[in-house]
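Okay, structure first, notes after.
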Amino acid sequence: MTHDVNMGVGLATGMAFHAPAGTALPAYPGEQLAEAWKEIGAVSEDGISYGMNHSMTPLRNWAKEIERLMAADGDATIKAPFMDTTKETLETLFGAENVVTTEATTDHGALISITIGPDTMPDAEAFLFLMKDGDDMIMIGSSRATVTAVDDISFAPNSAIIWNATISAKDWTIVKDNGQKTSV
């Protein structure tokens, strides 16, 4: 059944993916993903949020009347609370060059070490988020986006560690598939 009002429920078989910058987005949410797409990790039950910040600069004539509005700086962001602490998740959020893994030895288990600082943000990548509500599917993706912030990481005894990422892009593509296929 298709819905006009949808819930943003992550796809259980994978909900958040990344690929090298410039990787083409799938044409629709249920399309088989190209091999370049890798799962980042689970998103917490809080889900993702999308926001836009577009500002305009007025171009005024000599009489101070607005002749034209010109797009100024602006981008759109996805805020995603990742709850996996894996090499893939951390490399996506902080850049592969800032994450070092060490195999287990007789002294310690496998180690993941992250160098975190203001100059350690990763390069641009493609991002894709998939949701499913009944037969309906929704995807939000960008072929070029950058993790611009990882906010407030809480290390508390009664909750998962959540890596609150802000992913910014000039534009995002949102596609809804109502799941109603035609018969042949």
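Along the sequence shown, the residues carry numbers beginning at 1. Since we're looking at a predicted model, the values are computed, not measured.
Remark: T115 engages no residue in a side-chain hydrogen bond (donor to acceptor under 3.5 Å, both in side chains) (not counting sequence neighbours). Under the rule for a side-chain contact (heavy atoms from CB on, under 4.5 Å), D152 has no partner lying at least two apart in sequence or in another chain. In terms of the side-chain hydrogen bond (donor to acceptor under 3.5 Å, both in side chains) criterion, E35 has no residue partners (sequence neighbours excluded). Every residue meeting the side-chain contact (heavy atoms from CB on, under 4.5 Å) condition with S49, not counting sequence neighbours, appears here in chain and number order: K79. By the side-chain contact (heavy atoms from CB on, under 4.5 Å) test, A36 pairs with A19, P20, T23, sequence neighbours left out. Evaluation of the side-chain hydrogen bond (donor to acceptor under 3.5 Å, both in side chains) rule for S44 yields no partner, not counting sequence neighbours. Residues meeting the side-chain hydrogen bond (donor to acceptor under 3.5 Å, both in side chains) test with E45, sequence neighbours left out: none. Partners of A96 by side-chain contact (heavy atoms from CB on, under 4.5 Å), not counting sequence neighbours, listed by chain and number: E91.
Counting all heavy atoms, side chain and backbone alike, L25 lies closest to S142 at CD2-N, 3.7 Å. Closest of all the heavy-atom pairs between I162 and N164 is CG2-OD1, 3.3 Å.
Counting heavy atoms from C-beta outward, F17 and I40 have side chains that stay 4.5 Å or more apart. Looking at heavy atoms from C-beta onward, T166 lies in side-chain contact with D151 at the 4.5 angstrom threshold. Side-chain contact between P29 and V175 is present, with heavy atoms from C-beta onward closer than 4.5 Å. A heavy-atom distance below 4.5 Å is not found between the side chains of T146 and D123. You'll find the side chain of I78 reaches within 4.5 Å of the side chain of I140, heavy atoms only.
Applying the side-chain hydrogen bond (donor to acceptor under 3.5 Å, both in side chains) definition to pairs two or more places apart or across chains, those involving residues 92-103 are H18-T92. Pairs engaging residues 59-69 under the side-chain hydrogen bond (donor to acceptor under 3.5 Å, both in side chains) rule: N61-E65, N61-E67 [sequence neighbours left out]. Annotation: ring pair (Phe, Tyr, Trp, His ring centres under 6.0 Å) contacts involving residues 123-161, sequence neighbours excluded, are absent. Within the structure, ring pair (Phe, Tyr, Trp, His ring centres under 6.0 Å) contacts touching residues 76-113 (residues at least two apart or in different chains) are F94-W163.
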Exercise. Which is it for L59 and I66 under the side chain to side chain contact (heavy atoms under 4.5 Å, CB included) test, yes or no, and what are the steps along the way?
Worked result: CA-CA 6 Å; L59 298 177; I66 296 174; over 6 Å; no

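Using modelled atom types, no side-chain atom of N178 and backbone atom of D136 make a donor-acceptor pair closer than 3.5 Å.
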